[in-house]
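Comments concern the structure below.
Note that ligands are numbered from 1 as they come in the structure, with each ligand's atoms numbered from 1 the same way. Count residues from 1 along the sequence.
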Amino acid sequence: MNSQRIPLIAGNWKMHKTIAEAEAYIQALLPKVSSCEGVEVAICAPFTALQALVDSTRGSRVEIFAQTMHAGDSGPFTGEISAPMLSEIDVFGVVLGHSERREFYGESDHALRAKVPAALAAGLMPILCIGETEAEHGDGDTQRKLRHQIQEGLGDVADEQLGDVVIAYEPIWAIGTGKVATPDQAQDICGFVRALVADRDPQQAERTRVLYGGSVKPDNAVALMSLPDVDGALVGGASLEADTLAAIIDAAGAG
Ligand code: 13P
């Protein structure tokens, strides 16, 4: 982590928590994070809980994110939600291109090329997720894959807005598996991701926050969060309990 960039710890709940469960969680989390200066905290929640969470976190340090959105403002896309619909209810940002969206719902790099600028245009902070499969990792294909994902995902973002996009490096082999990247691996790849942004604009690359995601837990967070090119974490399973997310937030504050 670098002093120029405020670390971001984002809990991605995925398809977990009803509105009632979300409310109970937030009431448990808020007192634990009220004093963690210098760390930005985000909860990425199911659509149905967004409005309640926005209301109950107003004035706190917790930001509420959606987990996906459509690139268009409106249209005949049954079941989809657009960026203006999210910003209308004061949602702060949106996760784009999570590997589960790519794998199970056919989200493509082409679609993400439109979604990232659409989120920015609506005033939402995008967290663009990238990552390689276990096979790509084994074949030494990680850099090629990530280069392509970054070129596409950021392809239609203006240079001066590159630093407004958060990039989450989530190796697919580490998601929900308990296999976490080593600190060396995480630093190598997050540094590589920043270098890819620097190819477009070196100044913006210094502003860009690069998160690590994949089996982040309180006991591995300190080592990961102290790496120079890791500016926070996207946390799945360990974000489902307020206590464990709070412990990871504390680790980021210490890093
Ligand atoms: P886990 O932390 O459960 O491995 O999930 C990571 C993830 O996919 C966050 O978006």
Atom 3 (O) of ligand 1 - nearest protein heavy atom and its distance:
G237 N, 2.8 Å

Please determine, by modelled atom types, if E136 and T133 share a side-chain donor-acceptor pair under 3.5 angstrom.
yes

Do E107 and H98 have side-chain N/O donor and acceptor atoms under 3.5 Å apart?
no

Identify the closest protein heavy atom to atom 2 (O) of ligand 1: which residue and atom is it, and at what distance?
G236 N, 2.9 Å

State, without any angle test, whether S99 and E170 hold a side-chain donor-acceptor pair at a distance under 3.5 Å.
no

Side chain of R209, backbone of A168: donor and acceptor closer than 3.5 Å?
no

Sub-4.0 Å heavy-atom approach of A238 to ligand 1:
no

Mind checking whether N12 contacts ligand 1 via backbone (N, CA, C, O), side chain (CB onward), both or neither, at a 4.0 Å heavy-atom cut-off?
side chain

Taking the non-hydrogen atoms of A168, is any one of them nearer than 4.0 angstrom to ligand 1?
no

Are any of the heavy atoms in G176 under 4.0 Å away from ligand 1?
yes

Under 3.5 Å, is there a donor-acceptor pair between the side chain of R5 and the main chain of E206?
yes

Could you check atom 6 (C) of ligand 1 against the protein and tell me its nearest heavy-atom contact, residue, atom and distance included?
E170 OE2, 3.6 Å

Regarding ligand 1, does H98 bring an N or O atom to under 3.5 Å of one of the ligand's N or O atoms?
yes

For a quick check under 3.5 Å, do E132 and W173 share a side-chain donor-acceptor pair by atom type?
yes

Among the heavy atoms of K217, does any lie under 4.0 Å from an atom of ligand 1?
no

